[in-house]
Amino acid sequence: MARDLLGKVIVYDGPAGRRAARLVEVEAYLGARDPASHAYRGPTPRTAPMFGPPGRSYVYFVYGMYHCVNVVAERDGVAGAVLLRGAEPVEGVGDDPRALAGPGKLARALGLTTEQTNMDLVRSALSIREAPAVPVTRVVRTARIGLTAHATTRKPWRLYVAGSPGVSRA
DNA sequence: CGAATGATCCGA
DNA sequence: CGGATCATTCGA
């Protein structure tokens, strides 16, 4: 479930050393039932990780200049992923509280690209770590942002931590 | 093959 | 609101 990711820490031990951030904004995407999902029309080379086993990464490139990072969520064979949209700096990413406020900024600050797609998030250089859960009272649910195929998908599948500067927008 | 498209961001 | 900028996808 997407909400369990809020508060957790994403850690990337890359060429530039350790970079880590606390997740404060996420969005859930499904498969054939979700027109806004990359997996809507079945698997392609790019979206293959979305159909694979859970607990792995799905990183894609968009708009010719940004990368977006997802955590694959459903069981093997079923499409589903959670887009990481915002985080707060923890280590190695500077101290601008808004440096990871937005999916493109988050990926850039952590140094993640399509090279890091389909990585095992439990036992690899890219991982998601346990951290104190975010109190229910601080979690806000809204409709997802920036979608073209919005009409059919007004589900409140965007979750964020109220008041955090790492959230992409109010 | 060519053309359209996009789960973004920034600046005016 | 428009522009930047290009991998991916789909139609012919």
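Predicted, not measured: the structure shown is a model, and the values here were computed from it. Order of the sequence lines sets the chain letters (A, B, ...), proteins ahead of strands, with each chain counted from 1.
- In DNA chain B, stems built from 3 or more consecutive Watson-Crick or G-U wobble pairs, each with both distances under 3.5 Å, span B:1-6 with C:6-11, B:8-11 with C:1-4.
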Distance-only donor-acceptor hits, side chain of residues 101-111 of chain A, under 3.5 Å, sequence neighbours excluded:
residue	atom	partner	partner atom	Å
A:Lys105	NZ	A:Arg98	O	2.9

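- Under the 3.5 Å distance criterion, the side-chain polar atoms of A:Thr142 are left unmatched by any main-chain donor or acceptor of A:Pro156.
- Near-neighbour residues of DNA chain B inside residues 41-52 of chain A, defined by a heavy atom below 4.0 Å, number-ordered: A:Met50.
- In this structure, A:Arg169 forms no cation-pi arrangement with A:Tyr160, as its terminal cationic atom is not both closer than 6.0 Å to the ring centre and no more than 45° off the ring axis.
- Contacts of residues 98-113 of chain A with DNA chain B (heavy atom under 4.0 Å): A:Gly102, A:Pro103, A:Gly104, A:Lys105.
- Sorted by first and then second residue, the pairs that involve residues 67-110 of chain A and meet ring-ring contact (aromatic ring centres under 6.0 Å, His included), not counting sequence neighbours, are A:Phe61-A:His67.
- Taking Ile, Leu, Val, Met, Phe, Trp and Tyr as members and joining any whose side-chain heavy atoms lie under 4.5 Å apart, directly or through other members, A:Tyr40 forms no hydrophobic cluster with any other residue.
- The CG atom of A:Leu23 sits 12.5 Å away from the CZ atom of A:Arg129 when rounded to the nearest 0.5 Å.
- Here A:Thr117 pairs with nothing under the side chain to side chain donor-acceptor pair (under 3.5 Å) rule; sequence neighbours left out.
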Are A:Ile10 and A:Leu84 close enough, and set up right, to give a side-chain contact (heavy atoms from CB on, under 4.5 Å), and what steps lead you there? CA-CA 10 Å; A:Ile10 179 169; A:Leu84 308 184; 3.8 Å; yes
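- Between A:Tyr29 and A:Asp34, the shortest heavy-atom contact is CA-OD2, 3.5 Å.
- Nucleotides C:dG2 and B:dT5 are separated by 16 Å at their P atoms, to the nearest Å.
- Reading DNA chain C from its 5' end, the first and the last nucleotide to sit under 4.0 Å from a heavy atom of chain A are C:dA4 to C:dT9.
- The same ILVMFWY cluster, assembled from side-chain heavy atoms under 4.5 Å apart, contains both A:Val71 and A:Met119.
- The ring-ring contact (aromatic ring centres under 6.0 Å, His included) pairs that include a residue from residues 90-118 of chain A number zero, where partners must be two or more places apart or lie in different chains.
- Each salt bridge (charged side-chain N to carboxylate O under 4.0 Å, His left out) pair with one or both residues in residues 66-91 of chain A, not counting sequence neighbours, appears once here: A:Arg22-A:Glu88, A:Glu25-A:Arg85, A:Glu27-A:Arg85.
- Listed for the A:Ser57 side chain is a donor-acceptor partner under 3.5 Å among the backbone atoms of A:Gln116.
- Remark: the backbone N or O of A:Leu121 is not paired with any side-chain donor or acceptor of A:Ser127 at under 3.5 angstrom.
- Nearest approach of A:Val161 to A:Val167, heavy atoms of both residues: O-CG2, 3.6 Å.
- A heavy-atom distance below 4.0 Å to DNA chain B is reached by these residues of residues 19-32 of chain A, ordered by number: A:Tyr29.
- Scanning both residues, A:Ala28 and A:Ala2, for their nearest heavy atoms gives CB-CB, 4.4 Å.
- Taken residue by residue, residues 57-87 of chain A places heavy atoms nearer than 4.0 Å to DNA chain C at A:Phe61, A:Tyr63, A:Gly64, A:Met65.
- Between the side chain of A:Thr47 and the backbone N or O of A:Ala39, no donor-acceptor pair lies under 3.5 Å.
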